[in-house]
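The structure under discussion appears below in the form of structure tokens.
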Amino acid sequence: EIANKANKVILAKQEYQKAVDLAPGISWFYHAQGELYRQENNLDLAQAKYQESLNLYPESFWSHLVLGEIYESMNKLYLAYQQYILASFGPRWAFSSDGKVALEKKLAIEIKQKEIIKDSLRKIKDLPNDWEVRANLAKAYIVLGELDKAKEQYKLINEILGKNGISVGG
């Protein structure tokens, strides 16, 4: 049965590639290819196919949602967060149950990052020169789009490392 499923996936990939070759402007074909790669856990190719789908049809709720899930599983939380935002505020999905799923995923990332920020700020009070805590804090700020706060943390990290005789690029 496993061999049969593998053969079906191979055939499906071939058929979708033929479809793309015949009609490269149809976003759904790329979306379907992305899903096949995602099922195989080939996340880099899946990501590329979903992105191709979005290049052709930027309003695709499903492509944004699934691409967000792929980024999240790759621990690219900033990108996942952005995809969930795009999925949840698409024109016809914003008030649907599917749009709610995207909002819930976005909120879960947001809550986790705010927990990291709170925990990091608490740790920094006791260990102001702990550059690793500041790096985690900066990453959380980046995910939430608070880039000025992230830059400030990276500036402080450079100062901390510089005081310890570690050369940092600039």
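Heavy atoms only: backbone and side chains are in, while hydrogens, waters and symmetry mates are out.
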When hydrophobic residues are tied together by side-chain contacts of less than 4.5 Å, even through go-betweens, does Tyr37 share a cluster with Val66?
no

Could you grab the distance from atom NZ of Lys139 to atom CD1 of Ile117, nearest 0.5 Å is fine?
13.5 Å

Does the Tyr30 side chain pair with the main chain of Pro24, one donor and one acceptor, at a distance under 3.5 Å?
yes

Straight-line distance of Ile85 CD1 to Lys106 NZ, nearest 0.5 Å:
5.5 Å

Quick one, Lys18 with Glu15, criterion salt bridge (Lys or Arg N to Asp or Glu O under 4.0 Å). Give me CA distance, side-chain angles, the key distance, then yes/no.
CA-CA 5 Å; Lys18 287 179 191 175; Glu15 291 303 312; 3.3 Å; yes

Salt bridge present between Lys76 and Glu72 (N-O < 4.0 angstrom)
no

Tell me whether Leu147 shares a hydrophobic cluster with Ile157, the cluster being built from Ile, Leu, Val, Met, Phe, Trp, Tyr side chains joined at under 4.5 Å.
yes

Ser73 side chain reached by Leu43 side chain, heavy atoms, under 4.5 Å:
yes

With a 4.0 Å cut-off, would you call Lys163 and Glu159 a salt bridge?
no

How about Tyr84 and His64: are their ring centroids closer than 6.0 Å?
no

Is a donor on one side and an acceptor on the other found under 3.5 Å between the side chain of Ser27 and the backbone of Leu56?
no

Atom CD of Glu104 and atom CD1 of Ile111: how far apart are they, to the nearest 0.5 Å?
10.0 Å

Measuring only between side-chain heavy atoms, which start at C-beta, is Lys112 closer than 4.5 Å to Val143?
no

Arg38/Glu69 ion pair, N-O < 4.0 Å:
yes

Using a strict threshold of under 4.0 Å (side-chain N to carboxylate O), is an ion pair present between Lys13 and Glu40?
yes

Residues Gln113 and Ala140: closest non-hydrogen pair is OE1-CA, 3.2 Å

Which heavy atom of Gly34 sits nearest a heavy atom of Ala46, and at what distance?
O-CB, 3.4 Å

For the residue pair Tyr16 and Phe29, does the interplanar ring angle fall in the parallel (under 30°), tilted (30 to 60°) or perpendicular (over 60°) class?
tilted

Can you find a side-chain donor-acceptor pair between Tyr50 and Gln33 that sits under 3.5 Å?
no

Say you draw a straight line from CG of Leu156 to NZ of Lys151; how long is it, rounded to the nearest 0.5 Å?
14.5 Å

Joint hydrophobic cluster, Leu79 plus Phe61, side-chain heavy atoms closer than 4.5 Å:
yes

Check Ile116 against Asn136 and note the closest heavy-atom contact, atom names and distance.
CG2-O, 3.9 Å

State whether a side-chain donor-acceptor pair under 3.5 Å links Tyr81 with Glu110.
yes

Below 4.0 angstrom, N of the basic side chain to O of the carboxylate: do Lys149 and Glu152 qualify?
no

When the side chains of residues 121-128 are checked against the rest of the protein, which donor-acceptor pairs come out under 3.5 Å, sequence neighbours left out?
from, atom 1, to, atom 2, distance (Å)
Arg122, NH2, Asp119, OD1, 2.3
Lys123, NZ, Asp119, OD2, 3.2

Work out which heavy atom in Ile160 is nearest to a heavy atom in Trp131; give both atom names and the distance.
CG2-CB, 4.3 Å

Mind listing the closest non-hydrogen atom pair of Ala138 and Ala150 along with its distance?
O-CB, 3.6 Å

Separation between CG of Leu77 and CD1 of Ile142, rounded to the nearest 0.5 Å
11.5 Å

Which value, rounded to the nearest 0.5 Å, describes the distance between Lys49 atom NZ and Asp44 atom CG?
13.0 Å

Using only heavy-atom distances, determine whether the side chains of Tyr71 and Gln83 contain a donor-acceptor pair under 3.5 Å.
no

Is it true that Ile109 and Met74 fall in one hydrophobic cluster, defined by side-chain heavy atoms closer than 4.5 Å?
yes

